[in-house]
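We count ligands from 1, going down the list as the structure has it; atoms in each ligand are counted the same way.
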Amino acid sequence: MKAAIYPGSFDPVTYGHLDIIRRASEIFDELTVSVLNNKTKTPLFSVEERVKMLEEATRDLPNVTIDSFSGLLIDYAARKDIHVAIRGLRAITDFEYELQIAQTNRKFSDGKLDTVFLTTSLEYAYLSSSTVKEIASFNGDISECVPDFVGRLLYEKYKETGAGNEQ
Ligand code: ADP
């Protein structure tokens, strides 16, 4: 049984993430998508909200489980006895950062956690959670970026916090 973890902020989940999730779920027997509770970032959505959105968006994928974690990915992966991390690559700029993290994780886990990269589907290469938040904060059209229910939650959030206040 081959299992993998796809860690990330998912603030919020986009069609780019969902494309990676679907493709990884076809390669691995079990995929855990895990929301990182990163105390150094100020997310728009709470961890609980992000977990709920991912659960809703991956309902049709029976081998995908949603979870969350704090601290080091290598410790979390060891607790779950999972040895592969999935990351998505959009552009060369992602690569430099991701390469460093992947090598660090491999070294500090004594080779127990390796990273598998999936390259973005071209139609999502431009897509990031930050772009989506920026467009939504100005009431722009994000229907091609996120599922409708995520879009509604984004607009609601910006109504609460004030449109145009992108962080
Ligand atoms: P991070 O975990 O770096 O804060 P995200 O939660 O936004 O970032 O993304 C999690 C993972 O998904 C990263 O590996 C990122 O490169 C990848 N990813 C994000 N958007 C896309 C996309 N449009 N296509 C492919 N991969 C993506």
- If we only count heavy atoms from C-beta on, is the His17 to Tyr124 side-chain gap below 4.5 Å? no
- Heavy atoms only: give me the nearest Ser9-Arg50 pair and the separation to one decimal. O-NH1, 2.8 Å
- Contacting atoms of ligand 1, where contact means under 4.0 angstrom from a heavy atom of Asp94: 16 (O)
- In this structure, atom 24 (N) of ligand 1 is nearest to the protein heavy atom Thr120 OG1, 3.0 Å
- Task: For atom 11 (C) of ligand 1, find the nearest protein heavy atom and state the residue, atom name and distance (0.1 Å precision).
- Result: Tyr6 OH, 3.4 Å
- Message: Could you check whether Arg22 pairs with Glu26 (Lys NZ or Arg NE/NH1/NH2 to Asp/Glu carboxylate O, under 4.0 Å)?
- Response: yes
- Note on the structure: Among Glu123, Arg90, His17, closest by heavy atom to atom 5 (P) of ligand 1 is His17
- Message: As an exercise, identify every atom of ligand 1 less than 4.0 angstrom from a heavy atom of Glu98.
- Response: 13 (C), 14 (O), 16 (O)
- Say whether Leu127, considering both its backbone and side-chain N or O atoms, lies within less than 3.5 Å of an N or O atom on ligand 1. yes
- Atoms of ligand 1 close to Phe10 [distance to a heavy atom under 4.0 angstrom, numbered from 1]: 6 (O)
- Would you mind reporting whether Tyr6 and Leu31 have side-chain heavy atoms less than 4.5 Å apart? yes
- Nearest-neighbour protein heavy atom for atom 6 (O) of ligand 1, which is reported as residue plus atom name and distance: Ser9 N, 2.7 Å
- Considering distance alone, does some N or O of Ile20 sit under 3.5 Å from an N or O of ligand 1? no
- Task: Just jot down the ligand 1 atoms closer than 4.0 angstrom to any heavy atom of Tyr124, in number order.
- Result: 22 (C), 23 (N)
- Could you tell me whether ligand 1 has any atom less than 4.0 Å away from a heavy atom of Thr14? no
- Item | Heavy-atom nearest neighbour in the protein, as seen from atom 14 (O) of ligand 1, with distance rounded to 0.1 Å | Gly88 N, 3.0 Å
- Item | Sidechain N-carboxylate O distance under 4.0 Å for Asp19, Arg23 | yes
- Task: Determine yes or no for a side-chain-to-main-chain donor-acceptor pair under 3.5 angstrom, with Arg90 supplying the side chain and Leu127 the backbone.
- Result: yes
- Query: Looking at Asp29 and Lys2, does any basic side-chain N land under 4.0 Å from a carboxylate oxygen?
  - Reply: no
- Smallest separation among heavy atoms of Glu98 and Phe117, with atom names: CB-CE2, 3.6 Å
- Message: What I want to find out is whether Asp11 reaches Lys133 closely enough, with some N-O distance under 4.0 Å, to be called a salt bridge.
- Response: yes
- Can you figure out which of Lys41, Arg23, Arg87 has its heavy atom closest to atom 13 (C) of ligand 1? Arg87
